[in-house]
Amino acid sequence: MLKLRYFLPLLLFVSGALSVVLPGCKPREEELQTTGGLAFSADTVKFDTVFTTIRTVTKRLWVYNHNPKAVNVDLVSLDNSATSPYTLIINGDLKQTATNLYIRGNDSLLILVRAQLKDNGQNGLAKAYVQENNLNFSTNGQSQHVLLRSFGQNIYLHDGTQPLPCNAVWTNDRPHVLYNSVVVPANCKLTIKAGTRIYAHAGAALVVEGTLLVNSDFTPGTGPADTVKAGSANIVRFAGDRSGEPQYATAPGQWTGILFTPGSHGNVIRYAQIQNAAIGLLLYNPDGGVPPDLRLQNSVVRYISGNSVGFAGAASSLGTGAGLFNIRGQATVSNTLFSDCYEYAVLSLGGIDSLNYCTIANYPAAAGVRQTASLSVTNLVTGSNGVSTKQSPVLDVRNSIIWGSIDDELNVENYDDYKAAVSIRNSVLKTKAYAGVADVPASTTTPALAGLAAPAYANLFNDPMFVRINTASSNDYHLAPGSPALASKTALPPFVPRDLPNLPRNAATPDLGAYETTK
């Protein structure tokens, strides 16, 4: 029997000898195998509703090696790579082809894909088309493919490098895409015809120095079938250029909004839908120039939030969002719904605002985000020089609904300074602060408060009972049966004979808000 004291030296000798004659061993996952292929996170990388000439978002494709050992990908390439509308980022490098890509066993490779489609040369009506390319992989003698597919659509691109032509007319034969700040020059008009769709790229704005006319010459009929429903082809739509993707459909702040500068005049927006912006409509006149004016009718402004967004000339005084943001301008609004704004629905800083038969219904998708009253008015205005001054606002609200997800949806700051210019009557209001029957003057501990429950004002403070709330994109702000806003008041002039979707109102006792209930 071999004694232990002789065994240990023998073991060391054998181990040393083997280390000379045997090669070093790699971990199994690093050993290269000459068989086996790849797996992919998707068999098709799809881009929906790609606007021609505009670069798309970037999509991810994961390439998996599920084999226990490493594989060498001999070639990654695109069909017709030199002319392909697709570009690739492979392992962090921008390239159209790659060779000898080593993937360890049970590891993966990330490829980023984006597209930029050319205009397909169609004139007249927009024509959607499909652009397909194969992304090819050659591994261990195997050929594998992932399909790249884009559903493209021709557009009119307005890139903001030059002001728009004077007296331009936008029609509905193709979508219009805003890129950067697109300017309507002073003393010029931009006319947008019925059914036109405007999509704004991230950060884009429509700046109106002259006059904007949206659906100004569209007049629906008066027959039973002449309602302008949400899906009507005659509505002009402003939205973010990613709003067609489900995760962005109701997302705010995707573009800047529509800005009216000092001196802009005669602006009319009718039968329009404005959404996904930082600010829906901004009347911007902080230094007291010639007030911009706007007549807004039969429209929907929704999914708005500024969240500290600023842009050229306005960054010093802005940092918030509103469906209608009026800084020393003049806004006349009727038959309009402001809904699902993450900050203000209507914010006026020294502006002149008239709201008649309007509905403010503020239930944004992210519960608990909003802290600001839906309708807020103040006489404090910060100029472009950063200095605050006082400019008394004028506020006239009648036959309307102001409601939402927080307790006080109304805020009239420094009310004592301009209370003679505030009239809120014949409306449904969600407020605790202003629900008294008499005005409360300011004191050292409390601000001045309007007593909007005085009988002469004929206001209501009951839940208006909307059909459906807190359901994100499917909120319905028509009035449900039993609503206190249904035919409960005598019309307060001026009477508007037809409602937001063009249904006739009861002339004697119309419903309050933007919608007349016909059921």
Contacts of type salt bridge (charged side-chain N to carboxylate O under 4.0 Å, His left out), residue [X], not counting sequence neighbours:
| X | value |
| --- | --- |
| Arg237 | none |
| Lys390 | Asp417 |
| Arg398 | Asp396 |
| Glu516 | none |

Sequence neighbours left out, what passes side chain to side chain contact (heavy atoms under 4.5 Å, CB included) with [X]? Give chain and number order.
| X | result |
| --- | --- |
| Thr378 | Leu349, Leu380, Glu413, Asn414 |
| Ala331 | Leu283, Leu324, Asn326, Val333, Asp353 |
| Ser77 | Leu75, Thr97, Asn136 |
| Ala202 | none |

Return each pair, listed once, that meets salt bridge (charged side-chain N to carboxylate O under 4.0 Å, His left out) where at least one residue sits in [range]; pairs must be two or more places apart or across chains.
| range | answer |
| --- | --- |
| residues 258-275 | none |
| residues 143-157 | Glu132-Arg149 |
| residues 80-91 | none |
| residues 207-223 | Lys193-Asp217 |

